Amino acid sequence: MFEPPWTDPADVVGSLQRQGEAVLAPASLGVLGVTADQLDTLRPCWDDLPPDGYLRDGGRYRFRRHGCFVADGDALTLQPHRAHWQPLDYNALHGGIQRWYVPLAQEMVTSPAWSALLLGLARITSAFKGERPWFIEAHPFRIDTSDGIGRPTPEGAHRDGVDLVAVLMVGRHQIKGGESRVFEAHGPAGQRFTMTQPWTTLLLDDERVIHETTPIQPLEAGVRGWRDTLVITLRRDGFQGP
């Protein structure tokens with residue numbers, strides 16, 4: 001497994017401007033106004049994720065919830081529950097359909113650590129893209145190996161149609177695989193690494209790079225493993241919709 005290319009927290013915006021990505025170590029999350037210990041209070045929420053009923057590959061390996069927010073300056077507002085929607089241009093497998101997921105757990109939405117994280121990501125995005133309200137979608141995921149293999153990104157390498165994507169590693173249990181891959185959207189350059197430490201945070205300029213995560217498998221036959229992540233996207237000018 002390749003170690004992530006860690007970013008100096010003082011250079012997050014510069015790294016996004018130069019390379020289209022930044023990777024924060026758990027000890028560097030202060031730049032977002034939160035700590036790994038504070039985020040650890042959210043981890044029980046990953047044990048209560050309903051199955052994803054929209055997988056078009058017939059798989060049963062993905063569990064998730066979904067919530068929407070608007071960050072405007074120092075204010076974070078939970079939005080009425082809505083469907084998650086992506087155009088086919090960005091998600092050839094699951095695009096073009098309204099996917100209604102179970103809302104985020106109340107204990108997640110009301111956590112001070114949750115608000116601090118989303119507002120911190122909004123500040124980074126404003127520093128990078130310009131000050132404005134940000135339309136945020138949050139997706140806690142569990143990918144498991146009950147079927148022998150789990151696919152974190154069954155759609156393959158993709159963009160999300162947003163301004164910034166944040167992928168936070170929450171935890172890995174009894175698995176191998178799950179390598180993160182980031183490529184230039186319009187060029188040959190790319191890199192690969194594996195996020196193993198809880199709360200490692202990958203930030204992506206969605207206009208410049210595409211990303212994917214390789215499938216996971218159990219370390220031992222018959223032993224269920226899983227990979228828990230939190231994906232947060234920030235977009236200008238409104239949520240995506242049909």
Side-chain angles (χ1 to χ4, degrees), residues 1-26 28-29 31-32 55-57 59 61-62 84-96 121 124-130 134 136-137 139 141 143 149-170 172 175-197 199-217 227-237 240:
M1 295 190 296
F2 294 100
E3 185 85 357
W6 303 113
T7 301
D8 181 340
D11 189 39
V12 173
V13 174
S15 182
L16 285 165
Q17 291 171 333
R18 293 189 306 272
Q19 302 167 191
E21 68 172 305
V23 188
L24 289 171
S28 299
L29 293 183
V31 71
L32 299 178
L55 284 171
R56 285 182 164 173
D57 63 0
Y61 52 80
R62 186 156 76 178
H84 177 52
W85 188 91
Q86 293 174 297
L88 285 166
D89 288 349
Y90 293 122
N91 190 328
L93 184 61
H94 298 115
L121 289 170
I124 291 292
T125 312
S126 285
F128 177 38
K129 299 275 189 174
W134 294 106
I136 300 173
E137 294 193 55
H139 312 259
F141 285 100
I143 307 297
I149 191 168
R151 296 177 175 85
T153 52
E155 64 272 36
H158 65 284
R159 291 169 55 206
D160 288 323
V162 298
D163 286 273
L164 190 84
V165 177
V167 182
L168 289 83
M169 168 56 58
V170 179
R172 294 166 58 99
I175 60 167
K176 55 187 176 181
E179 181 181 78
S180 299
R181 297 180 176 180
V182 182
F183 310 95
E184 290 180 349
H186 305 289
Q191 57 182 318
R192 43 190 287 225
F193 52 89
T194 304
M195 298 194 295
T196 59
Q197 298 180 45
W199 304 116
T200 297
T201 300
L202 171 62
L203 304 177
L204 302 167
D205 178 357
D206 194 57
E207 294 183 285
R208 289 182 52 192
V209 299
I210 58 177
H211 62 280
E212 66 176 344
T213 304
T214 61
I216 63 170
Q217 295 177 276
R227 180 179 185 267
D228 290 348
T229 57
L230 172 62
V231 176
I232 299 171
T233 62
L234 296 93
R235 187 175 190 265
R236 69 183 77 193
D237 301 332
Q240 292 189 97

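Source: prediction; values computed, not measured.
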request  = Answer yes when R18 and D11 have at least one side-chain N-carboxylate O distance shorter than 4.0 Å, and no when they do not.
outcome  = yes
Practice problem: Report yes if the side chains of W6 and S28 come closer than 4.5 Å at any heavy-atom pair, otherwise no. | Solution: no
Worksheet item: Could you go step by step and tell me if I143 and R151 meet the side-chain contact (heavy atoms from CB on, under 4.5 Å) rule?
Response: CA-CA 7 Å; I143 307 297; R151 296 177 175 85; 5.8 Å; no
Between F193 and E3 the two heavy atoms that sit nearest each other are CB-O, 3.7 Å
| message | Taking the side chain as everything from C-beta on, heavy atoms only, tell me whether V209 gets closer than 4.5 Å to V165. | response | no
OG1 (T153) and CZ (F141) are apart, to the nearest 0.5 Å, by 10.0 Å
Taken to the nearest 0.5 Å, the spacing of T194 OG1 from M169 CE works out to 8.5 Å
Rounding to 0.5 Å, atoms OG1 (T201) and CD1 (I124) come to a distance of 11.0 Å
Rounded to the nearest 0.5 angstrom, the CG-OG1 distance for D160 and T233 is 6.5 Å
**Study point:** Any donor-acceptor N/O pair, S15 side chain to E21 backbone, under 3.5 Å
**Key:** yes
Test your reading of the model: is there a side-chain donor-acceptor pair from E137 to the backbone of R235, 3.5 Å cut-off?
no
With a 3.5 Å distance limit and no angle check, can you tell me whether H158 reaches the backbone of H211 through a side-chain donor-acceptor pair?
yes
Expected output: side-chain T7 to main-chain L24 donor-acceptor under 3.5 Å: no
*Taking the side chain as every heavy atom from C-beta outward, state whether W134 and D163 have any pair of such atoms under 4.5 Å apart.*
yes
Taken to the nearest 0.5 Å, the spacing of T213 OG1 from L202 CG works out to 8.5 Å
Could you check whether the rings of H139 and H84 sit parallel, tilted or perpendicular, using 30° and 60° as the cut-offs?
perpendicular
In short, P4 meets V23 closest at the heavy-atom pair CB-CG1, 3.8 Å
Closest non-hydrogen contact found for P154 with D57 is CB-OD2, 4.0 Å
With the side chain counted from C-beta on, respond yes when T229 and P152 share a heavy-atom pair under 4.5 Å apart, and no when they do not. no
Taking every heavy atom of L164 against every heavy atom of D205, the minimum-distance pair comes out as CD1-N, 4.5 Å
Item to check | Flag, side chain of R208 to backbone of L16, donor-acceptor distance under 3.5 Å | outcome: yes
* Keeping the roles fixed (side chain from T214, backbone from E179), state whether a donor-acceptor pair exists under 3.5 Å. => yes
What one should report as the nearest heavy-atom pair of A157 and E212 is N-OE1, 3.4 Å
OG1 (T200) and CG (L29) are apart, to the nearest 0.5 Å, by 8.0 Å
message: Test your reading of the model: is there a side-chain donor-acceptor pair from D206 to the backbone of V162, 3.5 Å cut-off?
response: yes
Here the pair of heavy atoms bringing V31 nearest to P9 is CG2-O, 3.5 Å
One pair to check against side-chain contact (heavy atoms from CB on, under 4.5 Å): L55 and Y61. What are the steps and the verdict? CA-CA 9 Å; L55 284 171; Y61 52 80; 3.9 Å; yes
